[in-house]
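Structure record follows, encoded as structure tokens.
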2 protein chains.
Amino acid sequence: MNMHITRKVDYAVRCVLFLARNNDRISSVDEISGEMSVPKTFLAKILQRLMKTGIVNSTRGVKGGFQLARGPQEISLLNVVEAIDGAVAMNVCAVDKKMCGFSASCSVHPVWVELREDIRNRLKRWDFAKLAVIKKYQRVIKRDCH
Amino acid sequence: MNMHITRKVDYAVRCVLFLARNNDRISSVDEISGEMSVPKTFLAKILQRLMKTGIVNSTRGVKGGFQLARGPQEISLLNVVEAIDGAVAMNVCAVDKKMCGFSASCSVHPVWVELREDIRNRLKRWDFAKLAVIKKYQRVIKRDCH
DNA sequence: TTTAAATAGGACTAATTTAGTCCTATTTAA
DNA sequence: TTAAATAGGACTAAATTAGTCCTATTTAAA
Ligand code: FES
Ligand code: FES
């Protein structure tokens, strides 16, 4: 079980958060990448993905940039995570397709399905309106983070 | 967010499950790997890890092999997952250590912490006594798995 | 109408992680 | 003494992640 946030997802989440906080105007890749110290071309790719999945709108040309496609409260963390990573799923079957459907011998299957639902539900509960106003994490965390 | 079970964890879980179901005797790597169609040398490494983390006991020499170090009901899925992958943690901080502790600007932090706890709690709830007797998954699943 | 500032997108590369293999040493029952 | 087993270090191959780079297109404004 690989339980890490990828940079892509991290960047995407923080990017959408930035847009949620500046939703009154259009922001360019340049501005966002500067603000968040994310490689510009990489962020551009991420924004393209968010565009294709209908989370942000883009405007091309001079003065162009990105803006949320709908209200921040209509965008869940799950939306963003699945836009970037595809469907959240833990199943072993993903590893070896032949094992699943043919074999009836996997007792662990329902556990992964259950865990998947836990995670999806939790991510669904957080929307970017909530995230945008959340108290910034003031306490300095050293051990638990790294 | 990378939400897949690695083969290592998959193998480890099924391996411990096998041992739970055959806990009256010692099983060799050869037997387990044959039974589960897992590369033998790779499984050996995994069992070494499970050994070091106190989940299984080993007996060396002829007639040697592995056995659970304690009752199946005393071994949680979390135990096995963390034995193989290390601490379950999602924090972005893991990606860029400099970001955490220095910056107080990450609103998403508490979300990952919360999600982490969800996952750990769920994994903690499943022990291998429960898993060993679980109804084998009979329904053929095609779409949701792959 | 030209230009410069922007996104769109394909093709590529580098770095890291995952998934192993291979070999040698050690232990131990027969 | 030998053969069947685990222990463990060092290595390799494959896959994924994290990017870069280049060219095309769009568009506001000089
Ligand atoms: S067969 Fe689907 S998780 Fe095991
Ligand atoms: S600083 Fe720890 S998750 Fe953002």
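Each chain gets a letter, A, B and so on, in the order the sequences are listed, and its residues count up from 1. On a predicted model such as this, the values are computed, not experimentally measured, just so you know.
Atom-to-atom distance recorded for Leu50(A):CG and Asn79(A):CG is 10.5 Å, nearest 0.5 angstrom. Rounding to the nearest 0.5 angstrom, the gap separating the CG atom in Leu131(A) from the CG atom in Leu17(A) is 6.0 Å.
A sub-4.0 Å separation between OP1 or OP2 of dT16(D) and a side-chain N or O of Thr6(A) is absent.
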**Request:** Apply the test side-chain hydrogen bond (donor to acceptor under 3.5 Å, both in side chains) to residues Ser107(B) and Arg21(A): give CA-CA distance (whole Å), side-chain angles for both, the deciding distance (0.1 Å), then the verdict.
**Result:** CA-CA 12 Å; Ser107(B) 325; Arg21(A) 284 178 172 147; 2.9 Å; yes
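Taking the side-chain hydrogen bond (donor to acceptor under 3.5 Å, both in side chains) definition, one finds that Ser33(A) meets it with nothing, sequence neighbours left out. Not counting sequence neighbours, the partners of Thr53(B) by the side chain to side chain contact (heavy atoms under 4.5 Å, CB included) test are Arg49(B), Ile55(B), Ala83(B). Residues satisfying the side chain to side chain contact (heavy atoms under 4.5 Å, CB included) criterion with Gln73(A), sequence neighbours excluded, are Asp127(A), Ala129(A).
We find that CD1 of Ile84(B) is positioned 13 Å from C1' of dA19(C), with the value rounded to whole Å. The CD1 atom of Ile46(B) sits 14 Å away from the P atom of dA7(D) (whole-angstrom rounding). Distance Leu43(A) CG to dA18(D) P: 14 Å, rounded to the nearest Å. The interatomic distance linking His4(A) (NE2) with dT17(D) (P) rounds to 13 Å, in whole Å. Atom CG of Leu19(B) is separated from atom P of dT6(D) by 11 Å (rounded to the nearest Å). Rounded to an integer number of Å, the gap from CZ of Arg49(B) to P of dA19(C) is 15 Å. We find that CD1 of Ile26(B) is positioned 12 Å from P of dT28(C), with the value rounded to whole Å. Taking atom CD of Gln48(B) as the reference point, atom C1' of dA10(D) lies 13 Å away to the nearest angstrom.
The salt bridge (Lys or Arg N to Asp or Glu O under 4.0 Å) contacts involving residues 58-79 of chain B comprise nothing, where partners must be two or more places apart or lie in separate chains.
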**Item:** Contact state string [nucleotides 19-29 of chain D, B base, S sugar-phosphate only, - no protein heavy atom under 4.0 Å]
**Value:** BB----BBBBS
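Nearest-nucleotide positions on DNA chain C for Gly64(A) and Lys52(A) put Gly64(A) closer to the 5' end.
Linking ILVMFWY residues whenever their side-chain heavy atoms come closer than 4.5 Å, directly or via other members, places Phe42(A) and Leu47(A) in the same cluster.
Among the nucleotides dA8(C), dG8(D), dT7(C), the one closest to the side chain of Met51(A) is dA8(C).
Base pairing in DNA chain C yields stems of at least 3 consecutive Watson-Crick or G-U pairs, both distances under 3.5 Å, namely C:1-30 with D:1-30.
Remark: Arg122(A) does not engage Asp118(A) in a salt bridge, criterion side-chain N to carboxylate O under 4.0 Å.
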